[in-house]
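All of these numbers come straight from a predicted model, not from anything done at the bench. Remember, it's 1-based here, ligands and their atoms both numbered in the order they're listed.
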Amino acid sequence: MRPLALCFALLISASAAYSQQPQRPNILFIMSDDHGYQAISAYGSKVNQTPNIDRLAKEGMRFDRCFVTNSICGPARATILTGKYNHLNGFTTNEKKFNGAQQTVAKLLQAGGYQTAMLGKWHLVTDPTGFDHWSILQGQGPYYNPAMKTPNGVVKHTGYTTDIITDQALEWLDKTRDKNKPFLLMYQHKAPHRNWQPPPRYLDKYKDVTIPEPANLFDDYKGRGTAARENQMSIAKHLTPNDLKLTTQAGLGPKQLEIFNKAYEEENKKFEEAKPQGDDLIRWNFQRYVKDYLRCVDAVDDNVGRVLKYLDDNDLAKNTIVIYTSDQGWYLGEHGWFDKRWMYEESFRTPFLIRWPGKIKPGSVNTDLVMNLDYPETFLEAAGLPIPADMQGRSLVPVLEGKTPSDWRKSVYYHYYEFPQPHHVHPHYGIRTDKHKLIHFYTINEWELYDLEKDPNEMQSRYMDPAYEQTVADLKRQLEELRKQYKDDGTVAEFDSLTPKP
Ligand code: CA
C-alpha cells in the first residue's frame, strides 16, 4: 500500500473505532431540599403520590439505605461536591462559607470534557465554581418571585420558584448548552423546605382529607437521653404562625397574596373559633404543616415530570443518568418533629433513585449502605474519569450493575455540628451498621444505642441495657476505626487551608 493510501486507511479505521465507542452519559442530578422518603410513593408513602419521581424507581434503582454525612442543607451540598466529610471540606454548618478554590466534582467533570450547569438552590454562600453556566437562589431563596444570582448579576423572576428553576433547566437543555458535549446538570429545588408555601394550583389539595399521623407523633422522649428532650423543632411548640399560615405571608405579589389568603381563610377562622389546645393543637398543627409540605412536593413532582418528558421527547433519556435525591431526610411528625439534623433514621436517610438505561435493571431495589459521599465518585466513574485518592466515598457504578463488591462498607459514619441555633440539636457523631446505631452526643457526653431490628422507630435506647454491653463495646471500637479512616480527629479545615497549592 502506498504511504498516502495507508494513512487514509488508518484514518478511516480510527474514526470507525471512535464512532463505536460508547458515548459518555449525561448526568442529570435532581435534588430537592428536605424531601423525606416518607413522602415519595415509590418508598411506600402513606401520605401522598409522586408518580413522576416514581418513574425513576420503576425504570431504575431505588436505594433503601442511602445516608448523609451530616443532615443539613449546606454541609450535605458540600459533601456532594467534594466527596469528603465536612471537617475536610470546611463546611460543617450553614454558618460557614464554601471555599470554591478546592477540588470539586464539577471542576473535574468540566476538565474532563463535560459541560456543567448549576440551577436552583446552591446554599454555599460563595459563588459556584466549576460550572459553565449557573443561576442560583440567594441563600435559602423564596417560594415566590425569586431573584436569582448569575455570573452577570441578579435577575428577578415572577412566579413560583419550583416552576421557574425547571423553566431554566429546560431552557439550558434545549437552547444554551453545546449539544456536542456530555453534560452534568445539577437541577436543585428549594422546595419542600420550610416555610412550605404551595403553588396556587395546589392550595386546595388535601383540603378534605386527614393525613395519617406517624405512630410516634406524641413521643415523650423517655426512652433516650436529654438531647431529644431539649429539641426546638416540635410540631407542638416550634412551628410559627408564619409556618402555619396564620399570618400574612411575605414575598408574594398582590394577586398571589389574594389567592393565598382566600385558600386559608375559612380554616383559619374555624381555628380561631375552636382554639384547640394540647393534643388537639398538635394534631391541627400537624395537618396544616404536612398538607402544605405535600403541596410543595406535588409541585416538585410535576416539574420532575416536565424534565423527564423533555428527555423522552428529545432522544436524551437513553444516554442520561437521572438521579432524584434530597439533600437529607426529614421528619413528617415522627418523634413529634419537623426539620432534620439528628442521626435518627428519618433525617439520616435520604431518598436516592437512579435511572441509567442499559446499566441498571429496571425496578431494582438496593439495600447496601450507600452515602451522599459516594455521588461524585459515581459521576466520575460513569464519565470514564479517574477518581482522586482524597475523595472519601466510593463509586456506586458496580452496585448499579448489581455487582456490589464483597468489601463494600458494613457501617456508616455520621457527624453533625450546628448548635445551638436554630433547633438546639446537640452535636453528635455515630455509627450505623446493618442492625444497630450508636450515637455519641459528645458535648454533653451522652450515648444512645438503638436495636434497629427490634425497634425500627428508635424509641428506646439500649445503651445502659446489660444485654447490649458487648454490642456497645464492639460498636465503640468500630466507631473509633471509622473516625480514623475518615480522618475526623475533631479539627475542621479552615477556608484558607482548603485552597489548592500551585
Ligand atoms: Ca435541606
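Nearest to the Ca ion (ligand 1), among the N, O or S atoms that D34 has, is OD1. Among heteroatoms of the N, O or S kind in D33, OD1 lies nearest the Ca ion (ligand 1). In D327, the N, O or S atom that comes nearest to the Ca ion (ligand 1) is OD2.
A salt bridge does not link K121 with D34: none of the charged nitrogens is closer than 4.0 Å to a carboxylate oxygen. Ion pairing between R295 and D204 fails under the 4.0 Å rule for side-chain N and carboxylate O.
For a distance bound of 3.0 Å, the N, O or S atoms of H123 include none lying that close to the Ca ion (ligand 1). Backbone or side-chain N, O or S atoms of S326 do not reach the Ca ion (ligand 1) at under 3.0 Å.
Formation of a donor-acceptor pair under 3.5 Å by the H133 side chain with backbone atoms of M118 is not found in this model.
Exactly one residue among Y416, Y331, W337 makes a side-chain hydrogen bond (donor to acceptor under 3.5 Å, both in side chains) with S347. That residue is Y331.
For D374 and T378, the side-chain atoms include no donor-acceptor pair closer than 3.5 Å.
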